[in-house]
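Okay, structure first, notes after.
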Amino acid sequence: MVVLSAILFFVSQHSLLSLPLWILAGLALGGAVSALLRKPGWMGLGVIGFVIGIANIFLGSMVNAIFLNAYGTYGTAVITQEVETSSQLNDSEYLGI
């Protein structure tokens, strides 16, 4: 589970860098299956790898969050100091101008 968590973390944080990896994984799996079964149609798994890579750009962090929610461990924290700041970021309307 630790390895799967590390892989999901990588592909969710580096979604554009992992796009070619998804394509290469689809092509490698398609090439292995097509060589094993002697049917070249399995090379179409590269297209599926491309679709998964594009979907990963938008959905990778959600998949990682679902995995961590299902298989993660609960943590604890201790608040050691509480200090009020003079930040006024949420005190007024943001106009975006």
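Quick caveat, the model's predicted, so the values are computed rather than measured.
Linking ILVMFWY side-chain heavy atoms closer than 4.5 Å, directly or via other members, places Ile7 and Met1 in two distinct hydrophobic clusters. Cluster membership check: Ile23 shares its hydrophobic cluster with Met43, using side-chain heavy-atom separations under 4.5 Å among Ile, Leu, Val, Met, Phe, Trp and Tyr. Follow the hydrophobic side-chain contacts under 4.5 Å out from Leu37 and you reach Leu29 in the same cluster. Under the 4.5 Å side-chain contact rule for hydrophobic residues, Leu36 and Trp42 do not share a cluster. In this structure, Met62 is not a member of the same hydrophobic cluster as Phe10, with clusters built from ILVMFWY side-chain heavy atoms closer than 4.5 Å.
Between Leu8 and Asn64 the shortest heavy-atom distance is CB-OD1, 3.7 Å. Nearest approach of Gly60 to Ser12, heavy atoms of both residues: O-CB, 3.5 Å. Closest non-hydrogen pair, Leu68 versus Ser5, comes out as CD2-OG, 3.9 Å. Minimum interatomic distance between Gly53 and Trp22 (heavy atoms only, all atoms of both residues): CA-CD1, 3.7 Å. Nearest approach of Ser34 to Lys39, heavy atoms of both residues: CB-O, 3.0 Å.
A distance-only check finds a donor-acceptor pair linking the side chain of Asn56 to the backbone of Val11 [under 3.5 Å].
For Phe50, the CZ atom sits in a loose shell: 12 or fewer heavy atoms of surrounding residues, nucleotides or ligands are nearer than 6.0 Å.
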Report the C-alpha distance between Leu45 and Ile48 in whole Å, list the side-chain angles of each, state the deciding distance to 0.1 Å, and finish with yes or no for side-chain contact (heavy atoms from CB on, under 4.5 Å).
CA-CA 5 Å; Leu45 286 177; Ile48 294 174; 3.7 Å; yes
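When each of Ile52, Val51, Ile57 is tested with Ile54 by the rule side-chain contact (heavy atoms from CB on, under 4.5 Å), just one qualifies, namely Ile57.
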